[in-house]
Amino acid sequence: MNFSEIEKKWQSFWREKNLFKVKGNKKKFYVLEMFPYPSGDLHMGHLKNYAIGDVVARIKFMENYDVLHPMGWDAFGLPAENAAINYNIHPRDWTYKNIETFRETLKKAGISYDWDREISTCDPDYYKWTQWLFLLLYRKNLAYKKREFVYYCENCKTVLANEQVIDGKCERCKREVVRKEFEQWFFKITAYAQRLLDDLEKLRGKWPENVIKQQENWIGRSEGTIVKFKYRDGFLDVFTTRVDTIFGVSFISIAPEHPIIKEILKYSPNKEEIEKYVKLSLSKTDIERKTQRKKTGVFTFEYAIHPLTNKKIPIFIADYVLYNYGTGIVMGVPAHDQRDYEFAREFDLEIIPVIKPLEGNLGEILKEKAFEDYGILINSGEFNNLDSKTAILEISKKLESLDLGKRQVIYKIRDWLISRQRYWGCPIPIIYCENCGIVEVPEEELPVLLPPKLESWKPIGGYSPLENDPNFVNTICPKCKSKAKRETDTMDTFVDSSWYYLRFIDPKNNREIINKSLEKTYMPVDLYIGGVEHAVKHLIYARFIYKVLYDEGIVNYDEPFNELFTQGLVLKKFYWDPVNYKTVSEDLVIEKEGRFYHKENNIELEEKIEMMSKSRGNIVPLSKFLQENGSDVARIAILFAAPPEQNFEWTDAIVSGAKRFLTRVLNLYQNLDEFNTSFEDKELLSFLHKKIKEIREEISKFKFNTVIAKLMEFLNFLEDYKYKNTIEYKEVLRIYSILLAPFAPHVAEEIYHKLGYENSVFENSFPEYDEKYLIKEEIEIPVQINGKLRGTVKIPIEANEEIAIEILKNSEIYEKYIKGKEITKIIFVPKRMLSIVIR
RNA sequence: GCCCGGGUGGCGGAAUGGGAAGACGCACAGGACUUAAAAUCCUGGGCCCCCAAAAGGGGCGUGAGGGUUCGAGUCCCUCCCCGGGCACCA
């Protein structure tokens, strides 16, 4: 019988027993793996995520918890539409077909999901509540529509959230994005910035430190001062963290996107130049703007008034100023900010030194660069001789008293742009009425269904393809019953996934998003497992949405995920053709002197080891692997290769080891002796309890790779064990099958039944160890002479130094190394070692 | 540039309240079984040196250099390299 036959047998056994259904009658444990986007094939990278979750779920099950371990599908998204555009399949059909495949594969993998709770975000029963959530935010003024410069991907023809722009590139198609002005829907995550930051403290120690760090950086709190520079009838507000340098201001710079520019254009004699510059800047990608050799800008010939000196300050427009951060206007202090320094050099502006370093010559420094450290104020009127820190407070106070400034905390995080100009997403439940303006779709009319069919799936120049469907677009205002139009943008799929963990608790509730008392029972997620790449996307959105629901009294806690485990990637080697931009299959590669070439066209190929992905063509499809080798082999291979949080490369080598291990396990239980005698073997029992102890410790630290190593040691021991016909040995075999069960559940169930049991191995509780078997009477400890290991001695466990030395004196080591020499020092560490210093 | 991780055999990786470095596995070599191969089983192994060889013995070894200590992969200092995150954030 091969592994997949064994697996089929026990999977139906578990199914018939309804083993992994939520029971609801005892202490709960909610273990959740980040749900997948159902596209292409499931591969080893997916399985790693689910295998880790399954190990924990099965252990908790054996520890008699009411385990909630569900699975679902993050099913809206771009690839479905691309498939529709390219192959003329309906996105829905494409998606549900993939879901079908994913579900079947996961069932074959034998992951202990409660399939009755399966959800799919593209299902109207689900997205009804995504829309309901939108309306909740809208009513709380946390969803708003605004015309704004936003990131736009020319290739994907849609806007993107800041979180989806990686290094200035679209996270999906890797092309550089530009800024464009659109009217878009936003979620006001900035209103929760401080709480999202503060509550990270509650997660410390339970979430990986680097995820917490990433969120801190992303929220990017910084304390500073807003300063008002009078400009004509109004003010230009700047944000600075270094108000102590305010006497060094020699210009003001405004980001090209800033709306105030329209005002300035009314007066500026340099209108044409400004318009040219703004247009040029906006056409540049962020990367182009950032990597310009020189600072660029344009003078407006307009001036603002310095709030403390009343000096006239020239106003520039410059694209090194980020519209996104602070007020989008900066005060230029060339002497104490490197960027302002470069700008001033470029435009020949005054460099006014106002901060003196504690050591060193300021004049010398300023010949080359700005002096950015704290120091002592000079050229600053009444604030001279103050240190920077004090000056920041004093100058802020002064500005506040003049009503020309105030202390302010600002954040780097921007509001979450959730509109997408796409068909295959959750429709935004909003109606535009000629009379009433923006109107919510009434709750009883939810869900706003996607039209079943469109002429074309292609987005049209910044609009969703839904715009093409008059039946969808044209509607009646729910308030005044006059003609109205529907919002045609759909929501970012991260909105769908920001609350899915709740729905698993109450997946079929059609009256409310979740039953509050069920939520109280099962939330928070006790263990959440997924990739670190979601640190500042999904994981920050989900925390935000959950807090909104908490404030609304819909949920009972304020953080959704108690413990977070971020697993490492599964990598795979592949050969990349850098000329034709594609992966070359292994049988077309030839190696010459450590370099790789294409067999046919002789192009030199790059050998790469990267994350498994369809686009790289380096995936190991799970379904095929399961058929050939079975799920347990895959699980052992994945978990044994490296610690779960670490990346590892998938190779055939790790498969052969796993296969051999499991085959040996099966063989050990194949031709069992009659268990007809009884023999309490101390060696056997102490080994057993030692292993249970070690395995329990390693499990609690998620070190599944060493747990499997221990199981292998245990197997080696059992294979060599002499008394295989005793009742005690049978008991050890039983315990071994239980220890193995979370990691290789099918093989464990098989061997457990070989012993004659008829219930499931998972109906046993996870083994405990007993200290009394761990106590030894005698112990072997190392002996070091002058720091070098020279042998070992056996001593009674409780031996003191005198006894140890006495034993040493009767040993070969003494004869050989110590006799006739003078002992100058003895270090005896009880139970551990003996170290002798001689002369 | 700033902030995190991390450098251990041919390879994946064990071992950090300082106490036998290399668990476990892969690959490899020798042997058994086989007509043969695969599979399986047994044995071996960090590197180097002495010795004809074996037995035996010695030295060196956790990125590099220095320090603390009877004893350092583990602690301290300096440096190098790799991976990840952030970055014109005012």
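Note on naming: letters A, B, ... go to the chains in the order of the sequence lines (proteins, then strands), and numbering restarts at 1 for each one. Because the structure is predicted, anything quoted here is derived from the model rather than measured.
When both pairing distances are held under 3.5 Å, B:U68 makes no Watson-Crick or G-U pair with any nucleotide shown. For B:A38, there is no paired base (Watson-Crick or G-U wobble, both distances below 3.5 Å). Searching all strands for a Watson-Crick or G-U wobble partner of B:G22 with both distances below 3.5 Å returns nothing. With a cut-off of 3.5 Å on both pairing distances, B:C51 has no Watson-Crick or G-U wobble partner at all. Under the Watson-Crick or G-U wobble criterion, with both distances below 3.5 Å, B:G83 is paired with B:C4.
Rounded to an integer number of Å, the gap from CD1 of A:Ile254 to P of B:C88 is 20 Å. Rounded to a whole Å, the CD atom of A:Glu801 is 19 Å from the P atom of B:G19.
Residue A:Thr240 is classed as a sugar-phosphate contact, given heavy-atom separations below 4.0 Å to backbone atoms only. Among the atoms of the strands shown, base atoms are found under 4.0 Å from some heavy atom of A:Thr792. Residue contacts for A:Val532: at a heavy-atom cut-off of 4.0 Å it reaches no nucleic acid atom on any strand shown. Nucleic acid contact class of A:Ala709 (heavy atoms, under 4.0 Å, all strands): base. Residue contacts for A:Gln784: at a heavy-atom cut-off of 4.0 Å it reaches a base atom on one of the strands shown. Within 4.0 Å (heavy atoms only), A:Arg221 reaches no atom of the nucleic acid at all.
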CA sep, side-chain torsions, deciding dist, call: A:Met833, A:Gln784, side-chain contact (heavy atoms from CB on, under 4.5 Å): CA-CA 8 Å; A:Met833 59 93 56; A:Gln784 289 180 11; 3.5 Å; yes
Determine whether A:Asp237 and A:Tyr231 satisfy the following criterion, side chain to side chain donor-acceptor pair (under 3.5 Å), listing intermediate values before the conclusion. CA-CA 10 Å; A:Asp237 289 0; A:Tyr231 169 64; over 6 Å; no
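Relative ring orientation between A:Phe239 and A:Tyr325 is described as perpendicular, the plane-to-plane angle rising above 60° on a 0-90° scale split at 30° and 60°. Using cut-offs of 30° and 60° for the angle between ring planes, the A:Trp650 and A:Phe648 rings count as tilted.
Side-chain to base pairing of A:Lys710 with B:C24: no donor and acceptor N or O lie closer than 3.5 Å to each other. Between the side chain of A:Arg339 and the base of B:A90, at least one donor-acceptor pair of N or O atoms lies under 3.5 Å.
Atom NZ of A:Lys608 is surrounded by more than 12 heavy atoms from other residues, nucleotides or ligands within 6.0 Å.
For the pair A:Arg832 and B:G18, the criterion of a side-chain N or O lying under 4.0 Å from OP1 or OP2 is not met. Under 4.0 angstrom from either OP1 or OP2 of B:C88 there lies no side-chain N or O belonging to A:Lys284. Residue A:Lys825 places at least one side-chain N or O closer than 4.0 Å to OP1 or OP2 of B:C70. Taking only side-chain nitrogens and oxygens, A:Asn324 never comes nearer than 4.0 Å to OP1 or OP2 of B:C89.
B:G57 takes the anti form, because its glycosidic angle lies more than 90° either side of 0.
Rounded to the nearest Å, the gap between the C1' atom of B:U8 and that of B:G73 is 7 Å.
Each of A:Ser835 and A:Glu342 was assigned the nucleotide of RNA chain B with the nearest heavy atom; the assignment lying further toward the 5' end belongs to A:Ser835.
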